[in-house]
Amino acid sequence: MPDTPAPTPAWLNDAWSKTVKKTAYSVRRARELDEIPYTTKDGGWHSLGPSWWTNGFWPALMWQMAIGTGDALYREEAERGERLLDRALERFEDLHHDLGFQFKISSAVNYALTKNPKSLRRATLAANLLAGRFNPNGFIRAWNGERIGWSIIDSMMNLPMLYWASRESSDPRFRLIAERHADHTARHFIRPDASCHHIVIFDPVSDAVLDTPRGQGYAPGTSWTRGQAWALYGFTLSHLWTGKPEYLDVARRVADRFLERITPDWIPNIDFEQPDQPYGKDNAAGAIAACGLLELAALIPDRTDAYRDGALNMLRAMADECADWDEADPGILKQCTGSYTEKDSWHIKMVYGDYFFVEALLKLKGSSVNLWLI
Ligand code: GLY
């Protein structure tokens, strides 16, 4: 007998209609700026300049809303955001490992949906810049300047840019770089208890591990929650692109630990090992993890209910307790945090919090379009 899909919970329909209304307002406010929104300040959007690593999430959020509503407003705003990203390509020396966040879910998605040749050129250039950061020892270099042997867990989420480039060009080099990076990350970042480092510094010639510093978490050796979420969803996406079972196994172990460690309020702490006080939360980590869990629920039958329930619990906590539905300040998801050690980055709105929140809501509403895979 075919499975009967679970009925859509009332809170989800309510959260989606509020999201549509609030995001239309957020777009009106974004048009006050000639820049891409990152966070909010003084009642409006605030940008951190043309090359900021999150800038692809604004057009990506717009594509999600275009898919979810069919409203042309969002397609126009996605295309405006993508044009603003050209300033980042012009200043390519400021770009780094986050080219996938910037161009996979903006230009490559536009190309997939509309066949715009300019979008193909932008995404192809971005994929080449990302591939050019590969250290043949097996990792994509993070950041610029003197951080020559640095690799970070976040880069797992940039690999879809490379898988996409191999699919579009029929040149396997991009996919091979992505797989080498994923293998190296599985070997060096994932600890025996399935927690993971944020940063590993390698000798760029010998590949010896030199250090595993704190990064954006609480302390060296702890687990920065958003890093765990990047690993959870990043390894899931590598599995979906390659079919390799070892990536699914990593994603499963990281997901199980994430659900074991999350606090009973279902709002992730900034770091799973942080002290009880001060109270520090990061809803962006929860939204990213929810997206990964919803993909994994379909891939691992014996964990389907656990992963779906975990995602639903986090999203409901966001919608009920951490969402700003008022039309006074743009952006939805509150209590997102940049870094444990930077107090002024605590409990703010961040564009990618909204992006992953909307991606997860649309998955729950049955959307099968995944911007990381098209
Ligand atoms: N560095 C990427 C992040 O803050 O998650």
Side-chain angles (χ1 to χ4, degrees), residues 11-12 15 18-19 22 26 37-41 46 48 53-54 57 61 153-154 157 195-198 214-234 254-294 307 309-326 329-361 364:
W11 72 262
L12 176 59
K18 287 176 176 160
T19 296
K22 184 67 192 279
S26 292
Y38 165 60
T39 186
T40 56
K41 197 172 168 182
H46 180 66
L48 289 181
W53 69 275
T54 66
F57 285 103
L61 171 62
I153 195 68
D154 325 28
M157 284 297 290
S195 66
C196 60
H197 300 294
H198 178 196
R214 171 180 54 201
Q216 285 158 251
Y218 171 61
T222 64
S223 29
W224 174 47
T225 313
R226 195 161 64 254
Q228 318 307 297
W230 291 139
L232 189 167
Y233 199 12
V254 173
D256 286 343
R257 185 175 188 273
F258 196 101
L259 292 177
E260 276 160 23
R261 307 288 302 209
I262 193 163
T263 45
D265 59 0
W266 291 98
I267 304 171
N269 285 347
I270 303 168
D271 189 305
F272 281 131
E273 280 79 54
Q274 74 190 34
D276 289 343
Q277 293 299 329
Y279 175 91
K281 294 289 182 179
D282 181 20
N283 272 306
I288 298 158
C291 291
L293 287 168
L294 291 172
Y307 291 166
D309 288 350
L312 279 166
N313 287 334
M314 285 192 283
L315 292 163
R316 182 155 192 186
M318 288 174 214
D320 286 353
E321 290 159 47
C322 305
D324 172 6
W325 300 121
D326 294 335
D329 190 56
I332 296 172
L333 198 58
K334 300 187 289 186
Q335 289 192 31
C336 300
T337 291
S339 171
Y340 190 91
T341 54
E342 289 166 25
K343 211 58 210 282
D344 61 357
S345 76
W346 279 40
H347 298 176
I348 58 174
K349 292 177 184 168
M350 305 195 297
V351 64
Y352 60 103
D354 280 17
Y355 169 81
F356 284 104
F357 179 64
V358 167
E359 181 182 320
L361 291 188
L364 286 174

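Under 4.0 Å is where a charged nitrogen must lie from a carboxylate oxygen, and between Arg226 and Asp282 at least one such pair does. Using a 4.0 Å cut-off between a side-chain N of Lys or Arg and a carboxylate O of Asp or Glu, Lys349 and Asp324 qualify as a salt bridge. Residues Glu321 and Arg316 are not paired through a salt bridge, judged by the lack of any N-O separation under 4.0 Å between the basic side chain and the carboxylate.
The minimum heavy-atom distance linking Tyr233 with Gly292 is given by the pair CD1-CA, 3.4 Å. Among all heavy-atom pairs drawn from Phe258 and Ala289, the shortest one is CZ-CB, 3.5 Å. The nearest pair of heavy atoms linking Ala311 to Ala290 is CB-O, 3.8 Å. For the pair Leu293 and Gly310, the tightest heavy-atom approach, listed with the atom from each and the gap, is CD1-C, 4.4 Å.
Between Ser195 and Gln228, the side chains place no donor N or O within less than 3.5 Å of an acceptor N or O (distance only, hydrogens not considered). Using modelled atom types and a 3.5 Å distance limit, the side chains of Asp256 and Tyr307 yield a donor-acceptor pair.
For Phe356 and Phe57, the ring centers are positioned less than 6.0 Å apart. Two rings, from Phe272 and Trp224, have their centers 6.0 Å or more apart.
With sequence neighbours excluded, no residue satisfies salt bridge (Lys or Arg N to Asp or Glu O under 4.0 Å) with Arg214.
Remark: Asp265 CG to Met314 CE distance equals 11.5 Å, nearest 0.5 Å. Taking NE2 from His198 and CG from Asp154, the interatomic distance works out to 3.5 Å, rounded to the nearest 0.5 Å. The OG atom of Ser26 sits 6.0 Å away from the CD1 atom of Ile332 when rounded to the nearest 0.5 Å. Atom CG of residue Leu333 and atom OG1 of residue Thr19 lie 10.0 Å apart, to the nearest 0.5 angstrom.
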ask   = Stepwise, does the side-chain hydrogen bond (donor to acceptor under 3.5 Å, both in side chains) test hold for Ser223 with Arg261?
value = CA-CA 10 Å; Ser223 29; Arg261 307 288 302 209; 5.8 Å; no
message = Using the rule given for side-chain contact (heavy atoms from CB on, under 4.5 Å), can you reason through Cys196 versus Val254, listing the C-alpha separation, both sets of side-chain angles and the distance that settles it, and then say yes or no?
response = CA-CA 8 Å; Cys196 60; Val254 173; 5.5 Å; no
Test side-chain hydrogen bond (donor to acceptor under 3.5 Å, both in side chains) applied to Glu359 and Tyr352, step by step = CA-CA 10 Å; Glu359 181 182 320; Tyr352 60 103; over 6 Å; no
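Under the 3.5 Å distance criterion, the side-chain polar atoms of Thr39 are left unmatched by any main-chain donor or acceptor of His46. Gln216 places a side-chain N or O within 3.5 Å of a backbone atom of Gly338 that can act as its donor or acceptor partner. Glu273 contributes no side-chain N or O that, together with a main-chain N or O of Tyr218, makes up a donor-acceptor pair within less than 3.5 Å. Remark: the backbone N or O of Cys336 is not paired with any side-chain donor or acceptor of Asn283 at under 3.5 angstrom. Side-chain atoms of Thr225 never come within 3.5 Å of backbone atoms of Ala229 as a donor-acceptor pair (strictly under, hydrogens ignored). Here the side chain of Lys22 pairs a donor or acceptor atom with the backbone of Gly331 at under 3.5 angstrom. Of the possible donor and acceptor atoms, none in the side chain of Lys18 sits under 3.5 Å from a partner among the backbone N and O of Trp325. Put simply, the side chain of Gln274 gets close to the backbone of Asp271: a donor and an acceptor are under 3.5 Å apart.
Counting only heavy atoms from C-beta outward, the side chains of Leu312 and Trp11 approach each other to under 4.5 Å. Taking 4.5 Å as the limit, every side-chain heavy atom of Thr263 sits out of range of all side-chain heavy atoms of Pro268. The shortest distance between side-chain heavy atoms of His347 and Lys281 falls below 4.5 Å. Looking only at side-chain heavy atoms (C-beta outward), Ile348 and Thr40 stay at 4.5 Å or farther from each other. Side-chain contact between Gln335 and Trp346 is absent, with no heavy atoms from C-beta onward closer than 4.5 Å. Within the 4.5 Å cutoff, the side chain of Met350 has no heavy atoms near those of the Thr54 side chain.
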